[in-house]
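Beneath this line is the structure, given in structure tokens, with notes to follow.
Sequence lines set the chain letters: A, B, ... in the order given, protein chains first and strands last, and positions in each chain run from 1. What you are looking at is a predicted structure, and each value in this text was computed from that prediction instead of being measured.
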Amino acid sequence: MAAPPITNTIRTLRFMAGEMTQAELGERIGVTRQTIAAIEAGKYSPSLESAFRIAKVFGKPLDEVFAWEGE
Amino acid sequence: MPFREKIAWVSLAGIVAAFTPYFVLVGHYSGPASAYAGFSVGLLIGMVVVLTILVTVASIGVALTNIRDAQAPADERDHTVARRASSIAYAVLLPALFFAMATVLLGWSAIGVINAVLAAVVLAELARNALEIVCYRRGW
């Protein structure tokens, strides 16, 4: 089970948002803290809806939060 | 560790703890043939009771270690993990059930066939719980 070829900047964005916790971000988009941790670690690719919600929390366009690294 | 991964560990351990002795004892039964069905059914009921108690107590214990996680509804990742694990477990269940049905042709007794079907279901449940754990730990 290889990691999905999607990278993200959520950890950095959380830091820039005043050290927002994973639990706080999870609460705002409707997932658990562990799911945010899995997304950050590249172990889980969120649904398109959650991806948009995460981007909206940070006020960023989707492609500034997630990037496709595969071919 | 996600709450639902802990529950998958509890279920996996419970199934192993309850059904390993069951199948070992049923497989090594050496009493009178007329008592085999009663022995098997009685043991099965006992093991199901043990399994229910073990899993319930352990699940309550796990929930008490982090009540907030336990109360949180399943999110999209939980649903995806459950769906993926169930679909692969079904692929385990199907051939195991065909094998169980084939035991009729091998001349197994009715209780033997029932045990083969039970083994197929247990195997699929083991696969489902193990796959959930793998999905949570390693992603996909």
Side-chain angles (χ1 to χ4, degrees), chain A residues 1-15 17-71, chain B residues 1-14 55 58-94 123-140:
Chain A
M1 292 183 196
I6 299 170
T7 58
N8 66 78
T9 56
I10 296 173
R11 176 71 193 93
T12 307
L13 291 168
R14 282 198 302 110
F15 175 76
E19 276 294 347
M20 179 191 290
T21 64
Q22 291 175 334
E24 200 179 330
L25 177 58
E27 246 171 55
R28 291 179 67 173
I29 68 160
V31 300
T32 62
R33 173 182 61 81
Q34 289 89 354
T35 295
I36 295 295
I39 294 169
E40 282 188 12
K43 286 183 176 179
Y44 174 66
S45 297
S47 66
L48 194 55
E49 183 183 336
S50 289
F52 272 109
R53 285 182 191 276
I54 291 169
K56 193 177 176 191
V57 165
F58 296 117
K60 300 281 184 189
L62 194 61
D63 61 358
E64 279 189 33
V65 183
F66 295 96
W68 175 261
E69 296 292 328
E71 289 178 15
Chain B
M1 188 189 290
F3 173 71
R4 281 168 180 79
E5 185 190 336
K6 292 176 189 169
I7 294 300
W9 277 110
V10 166
S11 298
L12 191 68
V55 170
S59 298
I60 290 170
V62 166
L64 289 175
T65 60
N66 194 332
I67 292 171
R68 195 171 172 214
D69 277 1
Q71 286 177 333
D75 68 9
E76 63 172 54
R77 182 175 175 233
D78 298 318
H79 291 303
T80 306
V81 165
R83 195 167 52 240
R84 184 167 291 238
S86 294
S87 68
I88 298 174
Y90 181 73
V92 172
L93 178 66
L94 218 52
L123 200 64
E125 269 302 295
L126 286 174
R128 189 178 66 80
N129 285 295
L131 285 161
E132 281 194 4
I133 291 165
V134 169
C135 284
Y136 275 119
R137 295 197 80 79
R138 296 190 55 191
W140 53 80

Test item: T32(A) and F3(B) side chains (from C-beta on) under 4.5 Å apart, heavy atoms: no
Which atoms of R68(B) approach chain A - backbone, side chain, both or neither, heavy atom under 4.5 Å: side chain
Looking at [X] and [Y], what are the two nearest heavy atoms and their distance?
{"X": "R138(B)", "Y": "K43(A)", "result": "O-CG, 4.2 Å"}
{"X": "G30(A)", "Y": "D75(B)", "result": "O-CB, 4.0 Å"}
{"X": "R77(B)", "Y": "Q34(A)", "result": "NH1-O, 3.6 Å"}

Donor-acceptor contact below 3.5 Å, side chain E76(B) vs main chain S50(A): no
Within 6.0 angstrom of F52(A) CZ, more than 12 heavy atoms from elsewhere: no
